[in-house]
There are 2 protein chains.
Amino acid sequence: MIDHHPDAAPRPATRPSTGQEAGAAPGPVARPSQERGRRRRATLLEAAVGLLQEGGFTAVTHRAVAQRAGLPLAATTYYFTSRDELVAEAFALLVAGELHGMRGRLEEATPDETPEGLATALVVAMGSGAGPGDDGDRLRRLGLWQLYLQAGRDPALQVIARQWTDGCDAVVAEALRRAGYPPGRHAARIIGVLLAGLWMEHLVEGRPEAQSEAHTLLAQALRTILR
Amino acid sequence: MIDHHPDAAPRPATRPSTGQEAGAAPGPVARPSQERGRRRRATLLEAAVGLLQEGGFTAVTHRAVAQRAGLPLAATTYYFTSRDELVAEAFALLVAGELHGMRGRLEEATPDETPEGLATALVVAMGSGAGPGDDGDRLRRLGLWQLYLQAGRDPALQVIARQWTDGCDAVVAEALRRAGYPPGRHAARIIGVLLAGLWMEHLVEGRPEAQSEAHTLLAQALRTILR
DNA sequence: CGGATACCGGTACGTCCGTACCACTTTAAC
DNA sequence: GTTAAAGTGGTACGGACGTACCGGTATCCG
């Protein structure tokens with residue numbers, strides 16, 4: 001949050017005030033009553049998610065969102081009280097979508113019980129399913145993690161960040177259970193942190209051997225941690 | 001990098017050009033020849049590091065750096081060709097300092113050979129030594145990780161990000177060696193990723209039990225992974 | 001079918017940004 | 001000491017930002 005308009009905008013009274021007194025401003029609308037309004041709001045949110053992925057946190061500006069959604073600038077201030085609210089909702093949407101994708105990829109991976117098989121499934125769930133050469137996808141996923149870190153400075157985002165971590169852990173625990181591993185108290189957590197760390201490192205550093213290294217390390221951890 | 005001035009600024013020729021032709025502009029100076037210039041440059045860099053820690057990546061602006069350093073705005077453009085260069089150098093400095101601090105804390109921790117002892121030493125090395133209630137310190141360390149993620153979008157920062165990862169792994173490997181653990185091929189890497197992941201999660205989510213959980217998980221991993 | 005209300009969108013303000021400019025002062029070389 | 005180079009700093013420009021304003025239009029309820 002770059003604070004233009006630091007605090008308590010002075011309301012410079014640009015116009016001579018042609019009237020309009022004694023009415024509370026209608027203000028932005030979080031839940032539009034009409035169908036079209038709801039669709040417009042969703043379109044804006046979708047555009048914000050896309051910008052978040054492509055350009056990161058700072059790319060989500062009112063103007064960019066409006067342009068991407070094919071809507072006028074004022075629509076963004078009509079449906080969202082502030083940029084922060086827009087970003088927070090986009091973050092929540094992104095987290096939900098990513099968790100859903102992970103869960104889906106893990107369920108269709110049908111892992112066997114060997115550490116190698118489960119490690120493969122986890123690496124696949126981590127990736128998007130796109131080929132290893134897809135650099136655009138690597139960049140797109142950075143947005144999620146950038147916002148995750150931003151959550152460290154913004155309590156409104158922090159609650160979503162915790163949902164992200166908890167969701168990832170749950171997905172990993174479920175995968176371990178389905179693969180027939182005993183429900184160890186710490187095992188799922190260790191594997192989850194390991195998976196997230198390796199994933200993020202891959203997204204940031206882009207080393208070509210990252211995927212295979214992740215597979216090796218996960219398999220090793222599964223082999224030893226789970227007796 | 002919010003791209004104001006997207007590319008190839010049109011040079012609007014604001015003044016009627018009073019002369020000044022046929023001379024390559026003196027331009028910014030990366031390595032000042034005079035002592036005072038060197039100190040001023042270092043002061044600016046120091047200010048940039050501080051801003052990076054306190055406000056994150058977007059807080060490092062020419063004006064903020066200059067003000068914090070007690071220098072005029074033009075000093076920042078004199079010693080650094082662009083904001084990106086300023087940020088990159090500050091990132092490198094931050095990484096070097098953090099690695100140095102980690103190494104120092106680990107060396108004086110004199111870990112015993114038990115997994116619990118080493119886990120304690122690692123958690124201490126991760127933290128700054130400040131008490132658990134020091135929230136300002138938590139925020140300050142976020143800057144490093146935010147920049148680390150930004151490196152995923154900027155090749156100039158990416159090389160520094162790799163140095164950060166490699167440095168952390170080396171520190172962990174050294175700690176394992178000093179504690180008498182056998183130099184396993186993957187062990188240090190697993191512990192390093194685990195440590196970094198838990199650390200980052202703690203910084204972002206701020207859960208009160210994060211430190212003790214990190215200790216538990218690290219000890220468990222050390223106990224099982226290393227036979 | 002008429003009025004209230006939700007929605008729309010063009011436009012504007014003030015702020016902050018990166019960076020350039022250029023007259024001025026200090027330093028160092030001869 | 002003179003002079004070229006290095007350093008200094010006040011100021012300016014163009015652009016992008018968040019957000020407010022407000023006349024106009026569509027939709028819904030009665």
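Basis for what follows: all heavy atoms, side chains included, without hydrogens, waters or symmetry-related copies. Each chain gets a letter, A, B and so on, in the order its sequence line appears, and its residues count up from 1. Worth saying up front: this structure is predicted, and the values here are computed from it rather than measured.
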Self-check item: For atom CZ of A:Phe57 and atom P of D:dC17, their distance in whole Å
Solution: 13 Å

Quiz item: Any donor-acceptor pair under 3.5 Å between the side chain of B:Arg36 and the base of D:dG7?
Solution: no

Quiz item: Nearest of D:dG9, C:dT19, C:dG10 to any side-chain atom of B:Ser82?
Solution: C:dT19

Quiz prompt | Qualifying side-chain hydrogen bond (donor to acceptor under 3.5 Å, both in side chains) pairs with a residue from residues 190-208 of chain B, counting only residues at least two apart or across chains | solution = A:Tyr148-B:Glu205, A:Thr165-B:Glu205, A:Asp166-B:Arg207, A:Arg189-B:Glu201, B:Glu205-B:Arg207

Practice problem: Please check if the side chain of A:Gln158 supplies one atom and the backbone of B:Val204 the other of a donor-acceptor pair under 3.5 Å. | Solution: yes

Self-check item: Length of the CD-P vector between A:Glu35 and C:dA6, whole Å
Solution: 17 Å

Quiz item: In whole angstrom, what separates A:Arg63's CZ from D:dT19's P?
Solution: 11 Å

Exercise. Mind calculating the distance between CD (A:Gln34) and P (C:dT5) to the nearest angstrom?
Key: 13 Å

Self-check item: the helix from C:dC1-D:dG30 to C:dC30-D:dG1: angle between end helix axes, five pairs per end, rounded to 10 degrees
Solution: 10°

Could you pull out all donor-acceptor pairs under 3.5 Å where a side-chain atom in residues 89-97 of chain B meets a protein atom, sequence neighbours excluded?
residue: B:Glu89; atom: OE1; partner: B:Arg41; partner atom: NH1; Å: 3.1
residue: B:Glu89; atom: OE2; partner: B:Arg41; partner atom: NH2; Å: 2.9

Quiz item: Pick from A:Arg68, A:Arg141, A:Arg140, A:Arg138: which one makes a salt bridge (charged side-chain N to carboxylate O under 4.0 Å, His left out) with A:Glu54?
Solution: A:Arg68

Quiz prompt | By salt bridge (charged side-chain N to carboxylate O under 4.0 Å, His left out) - contacts of B:Glu46 (at least two apart) | solution = none

Practice problem: Write down the distance between NE2 (A:His62) and C1' (C:dG9), rounded to a whole number of angstrom. | Solution: 15 Å

Self-check item: Where at least one partner belongs to residues 71-80 of chain A, residue pairs that pass salt bridge (Lys or Arg N to Asp or Glu O under 4.0 Å), sequence neighbours excluded
Solution: none

Quiz item: What integer distance in Å separates A:Leu73:CG from D:dG18:P?
Solution: 9 Å

Quiz item: Which part of the nucleic acid, if any, lies within contact of A:Leu71, taking any heavy atom under 4.0 Å across all strands shown: a base, the sugar-phosphate backbone alone, or nothing?
Solution: nothing

Quiz item: Among the nucleotides D:dG18, C:dT19, D:dG10, which one has an atom lying closest to any side-chain atom of A:Thr61?
Solution: D:dG18

Quiz item: Which whole-number value in Å describes the distance from B:Arg38 CZ to C:dT26 C1'?
Solution: 16 Å

Quiz item: Within the pair B:Tyr78 and D:dT8, is there a side-chain N or O less than 4.0 Å away from OP1 or OP2?
Solution: no

Practice problem: Specify the separation, in whole Å, of atom CD of B:Gln67 and atom P of D:dG10. | Solution: 13 Å

Self-check item: Sugar-phosphate only, base, or nothing, as touched by B:Arg40 at under 4.0 Å among non-hydrogen atoms
Solution: sugar-phosphate

Quiz item: Residues two or more places apart in sequence or in another chain: which of them pass side-chain contact (heavy atoms from CB on, under 4.5 Å) with B:Leu73?
Solution: B:His62, B:Arg63, B:Thr76

